[in-house]
2 protein chains.
Amino acid sequence: MITNFNKSEFIQKIQANCDRINIKKFSKGENVTTYIENRNQLCIVLKGEVDLIRYDFNGNKTIIGHFTENDIFGEVFYPANTNNELFVEAKKNSEILFILYENVLNRCKKTCPFHDELYSGMADMVLQKVIELNTRIELLTKRNTRDKLLSYFDILSSNRLNKTITIPFSYTDLADYLSVDRSAMTRELGHLKEEGFIRKVGNTITLLY
Amino acid sequence: MITNFNKSEFIQKIQANCDRINIKKFSKGENVTTYIENRNQLCIVLKGEVDLIRYDFNGNKTIIGHFTENDIFGEVFYPANTNNELFVEAKKNSEILFILYENVLNRCKKTCPFHDELYSGMADMVLQKVIELNTRIELLTKRNTRDKLLSYFDILSSNRLNKTITIPFSYTDLADYLSVDRSAMTRELGHLKEEGFIRKVGNTITLLY
DNA sequence: ACCAATCTGTTGCAAATGCAACAGAAAAAA
DNA sequence: TTTTTTCTGTTGCATTTGCAACAGATTGGT
């Protein structure tokens, strides 16, 4: 990040200082989308995990985004005219903070002392989101399943500063996230193992290179 | 967009009101990257077209982004640790505006009357960038070449409100943009033509559905 | 503890894609 | 204008991927 912005600290401050927010709880498997009244809402995951999902006309599922604690998402980030319906599904029991984008743009009370901080913190979060999205684009532009897997492992590994990583998905979902066929992906994981690139135990992968 | 934000108007205002900006001209084919002194710079295309390009270790080229008039780009938007080198190349004679992200965050003079507008305009531009990136992600998550082409055409078509579109790329570059093999893409374009989905004359495509 | 649902690994086969190579068209440079 | 370079369309072939189906493992619910 550009600034030494502390996301989780900022999110706590919002909860303490802003009275325009709304917090809702969702059970595992619940569809979050139906509770989003307004496109112009920013949503922040306080606890749990949610996936942003698209089903195309063939019934293919794609995990457009996977959000965990302190991640931000929302329809604000998507073109209004999209012909695909997007769903947000809680993968675990989750707690989501909602705030209208208008409330970030416009000061609620003339005197609200927190507003400047809210505004610039949100700007930082959106910039961080841009970086995430570009990372995802780098992943998706990889030409084949092998390169997607290796890039994905690299990203996780460099985030956690560890050659051994735990995949935060089921393999079924990982395939949907990388936008490849699950069986083909399993096959490719097998090849990577045989060729000595990785060690694989359950959903724990160790990079051997 | 959320607000009725006018991007080109805003960009003109920056040029008229902010003295912290820097404008440079680039000739077709020139590498813009080498002129970017600072990662923390926002770059806006005033005139012309530039591509953001990655070459992987196999020499495969990917067009990560294609930017035209009023588009914003910059290394600020990319993770600092990326092991791929990114290049920005002018595809036409171009004019680029540079502004340090610090100058957006921090008021230059205590009294600068333009600063609030600069800040909120930039926030709008970054939000718009998020939408663009999500659109691109939707494209890249399509499972096969046909769906990528059709989605790409759809996006162009709905942007221009016209069933007939002109591709702003050479076909070679379009393949790099969609992250597919060029010859396979040409083949697929042929099928789409045969099957009556599109009409194709040069780089003009008409959607027939 | 049981049953149901989901996930995982696997395989054969069909289809799609990538790769390499080439010739003519088009565009850029000289 | 001529020459050189890049772009486009095409094809054969090897490889990768997707699809369908299945059995065993794992997980979740009751």
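Here is the naming used below: chain letters follow the sequence lines, and residue numbers restart at 1 for every chain.
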Residues from residues 183-192 of chain A sitting under 4.0 Å of DNA chain C, heavy atoms only? Ser183(A), Thr186(A), Arg187(A)
Which residues pass the salt bridge (Lys or Arg N to Asp or Glu O under 4.0 Å) test with Lys47(A), sequence neighbours left out? Glu95(A)
Rounded to whole angstroms, how far apart are CG on Leu174(B) and P on dT8(D)? 10 Å
Would you mind listing every salt bridge (charged side-chain N to carboxylate O under 4.0 Å, His left out) that reaches into residues 165-182 of chain A, with sequence neighbours excluded? Lys61(A)-Asp173(A), Lys91(A)-Asp173(A), Asp176(A)-Arg143(B)
Pairs satisfying ring pair (Phe, Tyr, Trp, His ring centres under 6.0 Å), at least one member in residues 187-209 of chain A, at least two apart: none
How many Å lie between CZ on Arg182(B) and P on dA21(C), as a whole number? 14 Å
Please check: side-chain N/O of Asn103(B) versus main-chain N/O of Ile99(B), any donor-acceptor pairing under 3.5 Å? no
When you check the phosphate oxygens OP1 and OP2 of dT6(C), does a side-chain N or O of Ser170(A) lie under 4.0 Å from one of them? no
Between the protein and nucleotides 24-30 of chain C, are there any N/O to N/O pairs under 3.5 Å, and if so, what are the atom names and distances?
residue, atom, partner, partner atom, Å
dA28(C), OP1, Lys28(B), NZ, 3.4

Taking CG from Leu178(B) and P from dA16(C), how many angstroms apart are they, rounded to a whole number? 18 Å
If I take atom CG in residue Asp176(A) and atom P in nucleotide dC19(D), what distance separates them, rounded to the nearest angstrom? 12 Å
Sugar-phosphate only, base, or nothing, as touched by Arg146(B) at under 4.0 Å among non-hydrogen atoms: nothing
Compare the minimum distances between each of dC7(C), dA21(D), dC19(C) and the side chain of Asp181(B), then state the nucleotide with the smallest one. dC19(C)
Taking CG from Asp173(B) and P from dC7(D), how many angstroms apart are they, rounded to a whole number? 7 Å
Residues in ring pair (Phe, Tyr, Trp, His ring centres under 6.0 Å) contact with Phe26(B), at least two apart in sequence or another chain: Tyr35(B)
Across all chains, not counting sequence neighbours, the salt bridge (Lys or Arg N to Asp or Glu O under 4.0 Å) partners of Glu89(A) are none
Candidate pair Ile14(A) and Met122(A), rule side chain to side chain contact (heavy atoms under 4.5 Å, CB included), full reasoning: CA-CA 10 Å; Ile14(A) 300 176; Met122(A) 281 298 181; 4.0 Å; yes
In degrees rounded to 10°, what angle is found between the helical axes fit to the five outermost pairs at each end of the helix from dA1(C)-dT30(D) to dA30(C)-dT1(D)? 70°
When rounded to whole Å, the CG to C1' distance for the pair Asn203(B) and dT6(D) reads 15 Å
Between dA16(C) atom P and Asp147(B) atom CG, what is the distance in whole Å? 11 Å
Can you pull out every salt bridge (charged side-chain N to carboxylate O under 4.0 Å, His left out) where at least one residue sits in residues 190-209 of chain A? Sequence neighbours excluded, please. Arg146(A)-Glu195(A)
Could you name each residue pair satisfying ring pair (Phe, Tyr, Trp, His ring centres under 6.0 Å) that touches residues 127-179 of chain B, not counting sequence neighbours? His66(B)-Phe169(B), Tyr152(B)-Tyr177(B), Phe169(B)-Tyr177(B)
Closer than 3.5 angstrom, by distance alone: can the side chain of Asn162(A) be matched with the main-chain N or O of Thr164(A) as a donor-acceptor pair? yes
Within the structure shown, what part of the strands sits under 4.0 Å from Lys200(B) by heavy-atom distance: base, sugar-phosphate, or nothing? sugar-phosphate
Contacts of type salt bridge (Lys or Arg N to Asp or Glu O under 4.0 Å), residue Lys163(B), not counting sequence neighbours: none
Here the distance between atom P of dT6(C) and atom NZ of Lys91(A), to the nearest Å, is 11 Å
Asn144(A) side-chain proximity, nearest of dT17(D), dA21(D), dA16(C): dT17(D)
Under the rule for salt bridge (Lys or Arg N to Asp or Glu O under 4.0 Å), what residues qualify as partners of Glu69(B), not counting sequence neighbours? none
